[in-house]
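See below for the structure under consideration.
Side chains included, hydrogens not; waters and symmetry mates left out as well; all remaining heavy atoms used. It should be emphasised that the depicted structure is a prediction, and the values quoted were computed from it without experimental measurement. Chain identifiers are assigned alphabetically (A, B, ...) following the order of the sequence lines, protein sequences preceding nucleic acid strands; residue numbering begins at 1 within each chain.
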Protein chains: 2
Amino acid sequence: MKAKYITIIDIARQLNISKSTVSRALTGHPNVKEHTRKAVMELAASMEYQRNSLALGFSKHNTNTIGIMVPEFMSTYFPSVIVGVQDVMQAAGYNVVICQQNESYESEVSNMKLLLSYRVDGIIVSHTKETRNFDHFTLAQRRGVPLVFFNRVPEDMNVPNVIVNDYEAAFQAVEHLILIGRKRIAHLAGPESLVNTRLRRQGYLDALKKHGIAYNPDLMLSYDLTTEKVKIYMKHFLELDTPPDALFAINDPTAIAAMEVVKAKGLRIPEDIAIVGFSNDFSAGLVHPGLTTVAQPTSEIGRMAAEMLLQEMRAKVKNDYTIKKAPTVQLPTRLIIRESTVSEEKTKKAVKSK
Amino acid sequence: MKAKYITIIDIARQLNISKSTVSRALTGHPNVKEHTRKAVMELAASMEYQRNSLALGFSKHNTNTIGIMVPEFMSTYFPSVIVGVQDVMQAAGYNVVICQQNESYESEVSNMKLLLSYRVDGIIVSHTKETRNFDHFTLAQRRGVPLVFFNRVPEDMNVPNVIVNDYEAAFQAVEHLILIGRKRIAHLAGPESLVNTRLRRQGYLDALKKHGIAYNPDLMLSYDLTTEKVKIYMKHFLELDTPPDALFAINDPTAIAAMEVVKAKGLRIPEDIAIVGFSNDFSAGLVHPGLTTVAQPTSEIGRMAAEMLLQEMRAKVKNDYTIKKAPTVQLPTRLIIRESTVSEEKTKKAVKSK
DNA sequence: TTTTTTTATGGGAACGGTCCCAATTCTTTG
DNA sequence: CAAAGAATTGGGACCGTTCCCATAAAAAAA
């Protein structure tokens with residue numbers, strides 16, 4: 001049952017030298033005779049020596065490993081961010097371990113403790129929908145483990161983060177709906193716990209205001225969990241006396257679920273109701289009609305978060321964000337117009353975005 | 001820069017007892033006076049003691065952690081398997097770390113070494129398209145670290161694995177095309193390195209044979225990398241003197257890319273050409289028309305692989321698969337018929353699968 | 001050749017836990 | 001009340017590495 005590994009002591013014994021010398025040879029320390037180094041390297045290779053990172057991290061007090069915690073990864077958003085993180089971290093000689101919370105606060109806390117117990121050197125985080133208590137994050141900070149957030153950033157914490165301008169992006173999306181002549185624009189918002197939800201909603205409200213459209217509370221609903229709820233809400237909208245002629249959805253899955261309800265009712269998209277989503281999931285380009293949505297530079301977000309974390313980890317003097325303002329980077333979004341807002345022939349005339 | 005953590009010695013010192021006692025209290029050893037245990041627990045909590053898993057794994061020679069290695073995770077297949085694995089492993093008290101290879105053999109080798117260097121207790125693997133050399137896997141076995149494969153299983157290795165019957169599933173899919181009257185059925189196969197490719201191709205060939213349709217080599221192409229290639233191949237098929245009236249694609253992304261080419265040509269699906277994919281990605285239900293495809297029980301695959309790994313890890317005497325036949329579990333697939341093979345009204349009459 | 005400097009190696013503490021064995025304290029029993 | 005047994009605690013080895021300090025060997029300088 002128990003695995004057996006070769007240790008540097010085994011190598012030392014065979015070559016009749018000390019383990020210190022073996023260690024030096026293996027880590028490329030300059031003070032080792034070429035002859036000795038070669039002998040060590042060869043024996044190590046032939047015995048398939050595999051360094052023990054536990055012992056190493058334990059003895060050196062850093063593990064050269066970072067963690068990334070994401071709330072879910074069934075959409076393409078998070079996987080794609082992770083790939084960006086891995087790129088940068090691999091190049092910098094770090095290992096990346098991925099934790100996935102299934103949108104569960106409890107998992108988040110336990111995964112955080114797991115990563116800390118493995119003494120990772122830093123953590124990149126996007127928190128779950130359920131997270132309202134941030135003690136597990138401040139714990140990491142108190143332990144001196146740098147944190148960088150992206151996408152979902154705890155509002156009251158002063159931490160380095162990478163975000164997009166949710167407000168502005170939502171504003172543009174809604175303005176686009178207004179400019180194509182829509183007046184009764186509904187909004188399916190996200191869970192109240194996320195800043196993103198509030199920012200996007202504000203963008204929605206302000207776009208309406210700018211164009212002199214009165215906000216109608218009947219046309220806004222908050223959506224917390226399942227696809228089922230979206231469908232119920234959407235059905236409700238469509239059965240209003242004066243139903244909406246457009247929908248701005250908090251994200252693409254919501255928009256797509258709403259589209260199904262609309263199509264099932266026999267209504268036309270975009271003629272009867274135009275729809276906009278958020279994030280440009282892979283599926284946004286696949287549905288029929290194609291979904292107009294806000295593209296986020298996912299891989300870039302990951303790369304940037306990784307760069308920021310490297311900065312934090314490399315700082316000789318740890319940044320104290322109880323005093324100093326934490327850096328924040330805002331990356332640009334891009335509104336991708338597809339057939340769910342502008343009917344086919346019109347789109348073809350415009351620059352076609354795929 | 002360096003993080004500082006509380007150790008059991010700090011606790012021992014404060015309470016003026018030995019670290020052995022603290023250790024016992026913390027791990028729930030029976031021989032500790034209730035009074036002492038309480039004092040330790042309280043102090044540990046108030047000091048936010050965080051056990052050092054490195055030291056622990058290092059000293060105990062097992063880490064209570066398993067690794068899972070997947071070739072990519074931009075499709076829904078692998079994430080969904082991972083969720084299944086996590087479910088079972090969490091319940092069994094194990095931690096799961098995820099490694100993603102971006103379909104790169106090199107990453108696979110280095111991630112394998114990473115996991116071994118962290119002395120994980122077991123590993124669940126699906127290898128990359130590029131993998132033709134399996135030394136890094138046998139290395140793990142020689143070290144006594146149990147491996148369980150799923151989906152992509154190295155052909156010449158005798159290892160526990162969880163698969164679906166690719167042959168049978170492909171056979172059924174192609175037979176379905178034949179039964180709806182198609183005669184010229186094209187096949188876009190996968191990379192030669194995967195067993196799955198070969199099995200699905202054999203299913204394709206045998207279904208044709210069973211129904212007396214001669215195999216036409218012009219209608220089969222192997223597809224190795226990009227979406228671009230699929231499009232080129234598909235265009236080529238459509239420009240043949242007698243183009244195919246159906247396509248069996250190795251997976252859903254391939255099928256979907258092919259659909260775009262067909263639609264761009266102004267041909268109708270399924271009237272002019274019927275299309276079947278494989279795996280039932282999330283997007284298969286979203287495209288227009290809906291893609292007929294073979295559903296795999298992804299989360300079940302993950303759960304089963306996890307169960308098998310637990311078995312292996314718990315075996316008092318390590319199973320030696322150089323002697324004994326490794327267990328294999330085959331889970332059932334299900335052909336999901338959508339509008340890409342059977343036009344809308346007909347589908348509605350049949351049991352509608354969503 | 002002898003001394004000094006440089007280079008290469010060995011020895012052993014340290015890292016934070018677990019766990020075995022010995023020592024101590026408390027109970028119980030004859 | 002002494003002796004035996006059980007419960008609790010302390011002491012210290014051990015796990016695999018790094019790294020500092022000391023020592024030995026080789027090279028350079030005197």
[N] [atom2] sits how many Å from [X] [atom1], rounded?
X	N	atom1	atom2	value
B:Arg119	D:dC15	CZ	C1'	11 Å
B:His61	D:dT17	NE2	P	10 Å
A:Leu26	D:dT18	CG	P	8 Å
A:Tyr118	C:dC15	OH	P	22 Å
B:His29	D:dA6	NE2	C1'	13 Å
A:Leu56	C:dC15	CG	C1'	12 Å
B:Ile8	D:dG11	CD1	P	14 Å
B:Asn31	C:dC26	CG	P	16 Å

| message | Walk me through whether A:Gln100 and A:Phe78 qualify under side chain to side chain contact (heavy atoms under 4.5 Å, CB included). | response | CA-CA 10 Å; A:Gln100 188 268 127; A:Phe78 289 108; over 6 Å; no
| message | Is any side-chain heavy atom of B:Thr36 closer than 4.5 Å to one of B:Ile17? | response |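 They are in contact (side-chain heavy atoms under 4.5 Å apart), so the answer is yes.
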| message | Are A:Leu309 and A:Pro146 packed together at the side-chain level, in the sense that at least one heavy-atom pair is separated by less than 4.5 angstrom? | response |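 A side-chain contact under 4.5 Å exists here.
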| Cation-pi check, B:Arg119 onto A:Tyr5 ring (under 6.0 Å, within 45° of axis) |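 Yes.
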At 4.0 Å (heavy atoms only), tell me whether [X] reaches a base, stays on the sugar-phosphate, or touches nothing.
X	answer
B:Asn52	sugar-phosphate
B:Ile17	sugar-phosphate
B:Ser59	base

Quick one: which protein N/O atoms are closer than 3.5 Å to N/O atoms of nucleotides 20-29 of chain D? Pair and distance per line, please.
none

| message | Side chain of B:Phe58 only, heavy atoms from C-beta on: which candidate in D:dT17, C:dG16, D:dT18 is closest? | response |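 From the listed options, C:dG16 comes nearest.
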Side-chain N,O ([X]) to OP1/OP2 ([N]) below 4.0 Å:
X	N	result
A:Tyr49	D:dT17	yes
B:Thr21	D:dG10	yes
A:Thr7	D:dG16	no

| query | Any idea how A:Phe150 and A:Tyr77 line up, ring-wise: parallel (<30°), tilted (30 to 60°), or perpendicular (>60°)? | reply |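 Taking A:Tyr77 first and then A:Phe150, their aromatic rings lie parallel (interplane angle under 30°).
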| request: Please work out whether the ring planes of B:His127 and B:Phe137 are parallel, tilted or perpendicular, with thresholds of 30° and 60°. | output: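 Because their plane-to-plane angle lies in the 30° to 60° range, the rings of B:His127 and B:Phe137 count as tilted.
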| Does a side-chain N-to-carboxylate-O contact under 4.0 Å join A:Arg152 and A:Glu103? |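 So A:Arg152 pairs with A:Glu103 through a salt bridge.
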| field | Distance-only donor-acceptor test, A:Lys19 side-chain atoms vs C:dG11 base atoms, 3.5 Å | value |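 By the distance-only test, no, there is no pair.
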| field | Earlier contact from the 5' end, DNA chain D, for A:Ile9 and B:Asn16 | value |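 Mapping each residue to its closest nucleotide by heavy atoms, the 5'-most match is B:Asn16.
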